[in-house]
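Structure record follows, encoded as structure tokens.
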Amino acid sequence: MSSDGFTTCLWFDGQAEEAAAHYVSIFKNSRLGRVTHYPEGGPGPAGTVLTVEFEANGQRFVALNGGPQFTFTEAISFQIFCADQDEVDHYWNKLTEDGGEPGPCGWLKDRFGVSWQVVPTRLMEMISDPDPQRAARANAAMMSMGKLDIAALEKAYAGE
């Protein structure tokens, strides 16, 4: 096995190029890579895009135009750990624009149906606090939110 990690394959129904370009536009340290096309006699129309390789935030992906047989579910999601509220807002807004769906507790689906968790790194510190009351207050506040609000989480954590 190659020693340079894993590549995630995302199955789309004709939207591989659009999705890859969208993700590359959102994340730093991103780029488009090789594009392959269906050959004559393949399961898709000859010459149409089969795969698009791309990197988003340094993670490798392949977007595959596989057809309508499979769709995304929340059983798989990508976590984006954010340093501050500006990052939370940026990723939340970019991933829910043009048909994305906000969800509970920092989760969302983008316009392609891919699930994401937009999480402040500070939340992870709060909910793992050794003081069970502080951790429970932060967790309860998180459970009541869609997009996570760090200031409100901090207030709940502090018992305010």
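We're numbering straight along the sequence, starting at 1.
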_Six-ring centre of Y157, R137 cation under 6.0 angstrom, axis tolerance 45°_ = no
*So, do F78 and F61 have ring centers that fall under 6.0 Å from each other?*
yes
*Identify the two heavy atoms, one from G103 and one from W92, that lie closest to each other, and give their separation to 0.1 Å.*
O-CH2, 3.8 Å
*Can you find a side-chain donor-acceptor pair between Y23 and D110 that sits under 3.5 Å?*
yes
*4.5 Å side-chain heavy-atom contact, F81 and Q117*: no
_Other residues, nucleotides, ligands: >12 heavy atoms within 6.0 Å of E160 CD_ = yes
*Between D129 and D131, is there a donor-acceptor pair closer than 3.5 Å when you use the side chain of the first and the backbone of the second?*
yes
*Indicate yes or no: does R111 engage E101 in a salt bridge with an N to O separation below 4.0 Å.*
no
*Taking side chain as C-beta onward, heavy atoms only, is K147 less than 4.5 Å from V118?*
no
*Salt-bridge contact E55-R60 (side-chain N to carboxylate O under 4.0 Å)*: no
*asked:* Tell me the closest heavy-atom pair linking Y38 and P45, and the distance in Å.
replied: CB-O, 3.4 Å
*Any donor-acceptor N or O pair under 3.5 Å, side chains E74, S115*: no
*Is a side-chain donor or acceptor of H22 paired with a backbone partner of L95 at a separation under 3.5 angstrom?*
no
*Specify the closest pair of heavy atoms between L32 and A21, including all atoms of both residues, with the distance to one decimal.*
CD2-N, 4.0 Å
*Sequence neighbours excluded, which residues qualify as ring pair (Phe, Tyr, Trp, His ring centres under 6.0 Å) partners of F27?*
Y91, W116
*What is the minimum heavy-atom distance between A46 and E40, and which atoms define it?*
CB-OE2, 3.3 Å
_To the closest 0.5 Å, what do you measure between CZ (R134) and CG (N139)?_
14.5 Å
*asked:* If you define the side chain from C-beta out and look only at heavy atoms, does anything of M126 sit under 4.5 Å from L153?
replied: yes
*If you draw a 6.0 Å radius around NZ in K94, do more than 12 non-hydrogen atoms from other residues or ligands fall strictly inside?*
no
*With distance as the sole test, does E87 use its side chain to make a donor-acceptor pair with the main-chain N or O of A83 at under 3.5 Å?*
yes
*Under 3.5 Å, is there a donor-acceptor pair between the side chain of T51 and the main chain of L64?*
no
*Nearest heavy-atom pair of S144 and A141: which atoms, and what distance?*
OG-O, 2.7 Å
*Distance only, no hydrogens: is a donor on one side chain within 3.5 Å (strictly under) of an acceptor on the other, for Q85 and D89?*
yes
_Check: V119 and M124 side chains under 4.5 Å, non-hydrogen atoms_ = yes
*asked:* Keeping N65 on the side-chain end and Q15 on the backbone end, is there a donor-acceptor pair under 3.5 Å?
replied: yes
*Mark yes or no: R34 above the aromatic ring of F54, with NZ or CZ under 6.0 Å from the six-membered ring centre and no more than 45 degrees from the axis.*
no
*Considering non-hydrogen atoms only, spot the tightest contact between A135 and I127 and give its length.*
CB-O, 3.6 Å
*Do V52 and V62 have side chains that get closer than 4.5 Å, going by heavy atoms?*
no
